[in-house]
Protein chains: 2
Amino acid sequence: MVERRQTIQRGLVLDAVKVLYNHPTAQEVYDFIHETHPSVGKATVYRNLNLLVDEGQLRRVFAIDGPDHYDCTTHTHQHIECRICKKIVDVKLPIDLESIVNVEKETGFSNIDENIIITGICPECLKNANKNKIS
Amino acid sequence: MVERRQTIQRGLVLDAVKVLYNHPTAQEVYDFIHETHPSVGKATVYRNLNLLVDEGQLRRVFAIDGPDHYDCTTHTHQHIECRICKKIVDVKLPIDLESIVNVEKETGFSNIDENIIITGICPECLKNANKNKIS
DNA sequence: GTGCCTGCAAATGTTTTGCAAACCT
DNA sequence: AGGTTTGCAAAACATTTGCAGGCAC
């Protein structure tokens with residue numbers, strides 16, 4: 001077991017993800033921290049994000065396109081990402097445990113992660129796309 | 001509408017993905033082509049992969065970790081990726097159309113892409129992990 | 001002949017890593 | 001004191017782009 005130390009930087013990173021509730025990227029976390037603590041390096045942000053994910057205090061959201069996002073919610077849920085503006089929104093997919101068991105039987109895979117991301121077009125981007133079509 | 005030309009390179013890329021049936025990455029496609037056609041550049045491979053995806057002749061598989069993969073299968077299906085060896089395998093998830101409609105209603109998102117990727121540990125990697133534990 | 005396509009190299013964007021100094025306990 | 005953690009810069013990795021020449025049509 002690795003000994004973990006309490007540092008200012010680690011607390012800043014965790015707080016930033018909590019304040020920036022809407023699935024921030026590492027860059028967004030860095031920018032937020034940089035406003036009040038300009039001396040904190042970007043590598044430290046990345047290292048602490050990885051560390052907090054390992055500890056289970058944060059969840060990594062693998063975006064379909066672009067950088068990873070981070071989520072401070074503890075309960076299992078899924079995400080939908082807009083293919084145009086890359087925004088990520090929470091969604092509850094009706095995936096039941098039974099189907100996971102079936103997948104395990106079918107593929108031989110185990111430890112299946114139920115954190116799923118799907119993609120679509122968000123209402124705002126759809127509106128813009130239609131606007132452009134008319135003009 | 002953009003005019004598309006038939007080039008040797010484009011054919012090579014499409015064939016490579018078909019021959020390397022198991023969801024090759026851009027690098028693997030490049031390596032395969034490079035064996036018989038060393039003059040083909042990597043940028044050309046990337047450009048043609050993008051082009052073929054746009055045309056609908058190939059499907060891009062966004063891996064959870066690591067580079068994108070490419071799939072020549074035309075029918076809709078899902079993938080499961082091993083979190084250790086990064087291997088990607090086909091899987092049929094019981095996602096019904098009804099749940100997609102519900103997601104559209106709930107989130108306001110449209111054009112939802114049903115190509116989903118989930119992660120787990122493949123049988124081979126699980127075996128290796130257990131072996132290491134005993135020794 | 002037009003202009004899309006190619007190959008090369010350089011740039012881009014995201015994340016990791018090497019290292020010496022600083023810090024936590 | 002000892003090992004973690006930090007900040008910086010450089011490296012690593014995947015992918016895109018600028019450009020001059022080449023090729024499809």
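Reminder, nothing fancy here: chain letters follow the sequence lines and each chain counts from 1.
Atom NZ in Lys42(A) sits roughly 18 Å away from atom P in dA11(D) (whole-Å rounding). Remark: C1' of dT16(C) and CG of Leu51(A) are 14 Å apart, rounded to the nearest angstrom. As rounded to whole Å, 16 Å separates atom P of dC5(C) from atom CG of Leu12(B). Note: CG (Asp65(B)) to P (dT14(C)) measures 16 Å, nearest angstrom. Remark: C1' of dT15(D) and OH of Tyr30(B) are 14 Å apart, rounded to the nearest angstrom. Atom CZ of Arg10(A) is separated from atom P of dA22(C) by 20 Å (rounded to the nearest Å). Atom pair Asn48(B):CG and dC5(C):P shows a separation of 8 Å (rounding to whole Å applied). If you take CG of Asp68(A) and P of dG13(C), they are 17 Å apart, rounded to a whole angstrom.
Tyr46(B) and Val13(B) are not part of a single hydrophobic cluster, where members link through side-chain heavy atoms under 4.5 Å apart. Residues Ile117(B) and Val91(B) are members of separate hydrophobic clusters, defined by side-chain heavy-atom contacts under 4.5 angstrom among Ile, Leu, Val, Met, Phe, Trp and Tyr.
Remark: Gln27(A) is not in phosphate contact with dT15(C), judged by side-chain N or O atoms under 4.0 Å from OP1 or OP2. The side chain of Tyr46(A) places no N or O atom within less than 4.0 Å of a non-bridging phosphate oxygen (OP1 or OP2) of dT16(C). For the OP1/OP2 pair of dT15(D) and a distance below 4.0 Å, the side-chain nitrogens and oxygens of Asn50(B) include no atom meeting the criterion.
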Report task. Show the numbers, then the answer: is there a salt bridge (charged side-chain N to carboxylate O under 4.0 Å, His left out) between Lys86(A) and Asp65(A)? Result -> CA-CA 7 Å; Lys86(A) 315 304 179 198; Asp65(A) 196 18; 2.8 Å; yes
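Residue-level contact check: Thr25(B) touches neither bases nor backbone, having no heavy atom under 4.0 Å from any strand.
Side-chain contact check for Asp90(A) and His23(A): at least one donor-acceptor pair (N or O, by modelled atom type) lies under 3.5 Å. Tyr70(B) and Arg60(B) share a side-chain donor-acceptor pair at under 3.5 Å.
Within a 6.0 Å radius of NZ in Lys18(A), other residues, nucleotides and ligands contribute 12 heavy atoms or fewer.
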Requested in this report: Determine, for nucleotides 17-25 of chain D in 5'-to-3' order, which nucleotides have protein heavy atoms under 4.0 Å from the base (write B), from only the sugar-phosphate (write S), or from neither (write -).
Outcome: BB----BBS
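The side chain of Gln9(A) has dT6(D) as its nearest neighbour among dT6(D), dT15(C), dG7(C).
A side chain to side chain contact (heavy atoms under 4.5 Å, CB included) with Ile33(B) is found for one member of Asp15(B), Val40(B), Thr44(B) and no other, namely Val40(B).
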